[in-house]
**Student:** 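Just dropping this structure here.
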Amino acid sequence: MQSPRPIQSPLSGAGYFFRGLSLAMQPGTRRFVLFPLLINIVLFGTAFGFVLSQLDVWISGWMDKLPSWLDWLSYVLWPLIAIAVLVTFSYIFSTIANWIAAPFNGLLAEHLEAKLTGEKAPDASIATVMKDLPRIMHREWVKLKYYLPKAIGLLILLWIPAIGQTLGPVLWFLFSAWMMTIQYADYPFDNHKVPFPAMRDALKQKRGKSLSFGSLVMLCTMTPILNLFVMPVAVCGATAMWVDNYRNQYRNY
């Protein structure tokens, strides 16, 4: 059996993202990164190119609805609305990609956790992945049900003239950052059958760490080229965060 690695000092949330970048490129991990990476490249390469080509048209249409007495705000609102659009579509594409790649992301989290703790790696056969597929898909649906009511409320806020177009993008980004942490941290939590409410509450107890991790994931997801590679890096970073901060408490939940 591989000897356990030294316990890492807990990092900041952003620090775990950069650690995930290093872990994703290590021998023994790269083969589990391949499928999530390919799924992300195909989806984001196609969808994000379309969004960027239409962004100016969409924003110009929304700006035309702004009351004439608020025309002076256009220089401020344009970048805010652009951020809101990019955050919205980045999260939508990320969610779709994670639904498709969920079994492979869970497998990556399992094997990386074993590597980080020195424990025996679990079975990586297709039969094992298929056996866990109903549970994994149900968990993705639970996350979507948590997300939708809050997202709809924020989208309604975005359509309120002036107030929604200034405050809305900021709240939308923070909420999306929180959901990015939930999305990726859930893989190691779910591998240990930790219920969704318990996982959510655990992340809330370290809210600053959770938001800084999710914010960096969100920024990379919004950035062309970087968004092609963010999924497996985020899974690795979230798994390292699980091992250092939550595993001792929740591994036998």
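Scope of the values below: all heavy atoms of this structure, side chains included, with no hydrogens, waters or symmetry mates.
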**Student:** Could you pull out all residues at least two apart from Phe173 that satisfy ring-ring contact (aromatic ring centres under 6.0 Å, His included)?
**Tutor:**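 Counting only residues at least two positions away or on another chain, Phe173 forms no ring-ring contact (aromatic ring centres under 6.0 Å, His included).
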**Student:** If you round to the nearest 0.5 Å, how far is CG of Leu38 from CD1 of Ile100?
**Tutor:**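 It is 12.5 Å, given to the nearest 0.5 Å.
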**Student:** Between Met180 and Gly214, what is the shortest heavy-atom contact and its length?
**Tutor:**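 For Met180 and Gly214, the tightest heavy-atom pair comes out as CB-O, 4.0 Å.
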**Student:** Can you confirm whether Pro188 sits close enough to Tyr246 that some side-chain heavy atom of one is under 4.5 Å from a side-chain heavy atom of the other?
**Tutor:**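 Result no, sub-4.5 Å side-chain heavy-atom pair not found.
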**Student:** I need the Glu119 CD to Glu110 CD distance, nearest 0.5 Å.
**Tutor:**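 Atom-to-atom, Glu119:CD and Glu110:CD are 11.5 Å apart.
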**Student:** Tell me, do Gln26 and Leu112 make a side-chain contact under 4.5 Å, heavy atoms counted?
**Tutor:**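 They are not in contact (no side-chain heavy atoms under 4.5 Å apart), so the answer is no.
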**Student:** List the steps, then state whether ring-ring contact (aromatic ring centres under 6.0 Å, His included) holds for Phe196 with Phe189.
**Tutor:** CA-CA 8 Å; Phe196 179 84; Phe189 274 92; 10.0 Å; no
**Student:** Closest approach of Ala102 and Met137, non-hydrogen atoms and distance?
**Tutor:**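 Shortest heavy-atom separation between Ala102 and Met137 comes out as CB-CE, 3.7 Å.
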**Student:** Mind checking side chain to side chain donor-acceptor pair (under 3.5 Å) for Arg200 and listing every partner two or more places apart, or none if nothing turns up?
**Tutor:**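 By the side chain to side chain donor-acceptor pair (under 3.5 Å) rule, Arg200 matches no residue at all.
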**Student:** Please answer whether the main-chain N or O of Met25 pairs with a side-chain N or O of Thr29 as donor and acceptor at a distance below 3.5 Å.
**Tutor:**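 Flag not set: sc Thr29 to bb Met25 has no pair under 3.5 Å.
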**Student:** Would Ile156 end up clustered with Tyr146 when hydrophobic side chains under 4.5 Å apart are linked, directly or stepwise?
**Tutor:**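 Ile156 and Tyr146: separate clusters.
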**Student:** Indicate if Trp172 and Ile152 have the same hydrophobic cluster label, given that clusters are the connected sets of ILVMFWY residues with side-chain heavy-atom separations under 4.5 angstrom.
**Tutor:**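 No, separate clusters.
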**Student:** Might you point out which heavy atoms bring Gly106 and Asn191 nearest each other, and give the distance in Å?
**Tutor:**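 So the minimum-distance heavy-atom pair works out to O-ND2, 3.1 Å.
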**Student:** Closest heavy-atom contact between Lys115 and Pro27?
**Tutor:**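 Looks like NZ-O, 3.2 Å.
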**Student:** Do you know the tightest heavy-atom contact between Leu116 and Ala240?
**Tutor:**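 Closest heavy-atom pair between Leu116 and Ala240: CD1-CA, 3.9 Å.
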**Student:** Decide yes or no for Tyr16 and Lys209: does some side-chain heavy atom of the first lie under 4.5 Å from some side-chain heavy atom of the second?
**Tutor:**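 The answer is yes, as the side chains (C-beta and beyond) meet within the 4.5 Å cut-off.
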**Student:** Which pair of heavy atoms, one from Tyr250 and one from His192, lies closest together, and at what distance?
**Tutor:**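 Closest approach of Tyr250 to His192: O-CB, 4.4 Å.
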**Student:** Check for a donor-acceptor pair, side chain of Asp190 on one end and backbone N or O of Asp186 on the other, with a separation under 3.5 Å.
**Tutor:**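 Such a contact is absent between Asp190 side chain and Asp186 backbone.
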**Student:** For Lys206, check side chain to side chain donor-acceptor pair (under 3.5 Å) against everything at least two apart and list the hits.
**Tutor:**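 With sequence neighbours excluded, Lys206 shows a side chain to side chain donor-acceptor pair (under 3.5 Å) to no residue whatsoever.
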**Student:** Do Val217 and Thr181 have side-chain heavy atoms sitting under 4.5 Å apart?
**Tutor:**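 Not in contact.
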**Student:** I want to check something: taking the side chain as every heavy atom from C-beta on, are Thr117 and Arg247 in contact at a cut-off of under 4.5 Å?
**Tutor:**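 Thr117 vs Arg247: side chains touch.
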**Student:** Does the side chain of Cys236 reach to within under 4.5 Å of the side chain of Arg19, using non-hydrogen atoms?
**Tutor:**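 Heavy-atom side-chain distance check fails, nothing below 4.5 Å.
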**Student:** Could you check if a side-chain atom of Trp178 sits within less than 4.5 angstrom of a side-chain atom of Ile182, using non-hydrogen atoms only?
**Tutor:**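 The answer is yes; the side chains approach within 4.5 Å.
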**Student:** Are Leu219 and Leu226 connected, step by step, through hydrophobic side chains (Ile, Leu, Val, Met, Phe, Trp, Tyr) whose heavy atoms are closer than 4.5 Å?
**Tutor:**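 Shared cluster, no.
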**Student:** Mark yes or no: Lys143 above the aromatic ring of Tyr147, with NZ or CZ under 6.0 Å from the six-membered ring centre and no more than 45 degrees from the axis.
**Tutor:**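 No, cation not above the ring by the 6.0 Å, 45° rule.
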**Student:** Check the pair Trp99, Leu144 against side chain to side chain contact (heavy atoms under 4.5 Å, CB included), reporting the backbone distance first and the verdict last.
**Tutor:** CA-CA 10 Å; Trp99 271 74; Leu144 186 61; 4.1 Å; yes
**Student:** Go through it in stages, so that I can follow the logic: the residues are Arg139 and Tyr187, the test is side chain to side chain contact (heavy atoms under 4.5 Å, CB included), and I'd like the CA-CA distance, side-chain angles, deciding distance and then a yes or no.
**Tutor:** CA-CA 9 Å; Arg139 188 68 165 227; Tyr187 293 118; over 6 Å; no
**Student:** Taking the side chain as every heavy atom from C-beta outward, state whether Leu23 and Thr239 have any atom pair closer than 4.5 Å.
**Tutor:**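 Of all side-chain heavy-atom pairs linking Thr239 with Leu23, none is under 4.5 Å.
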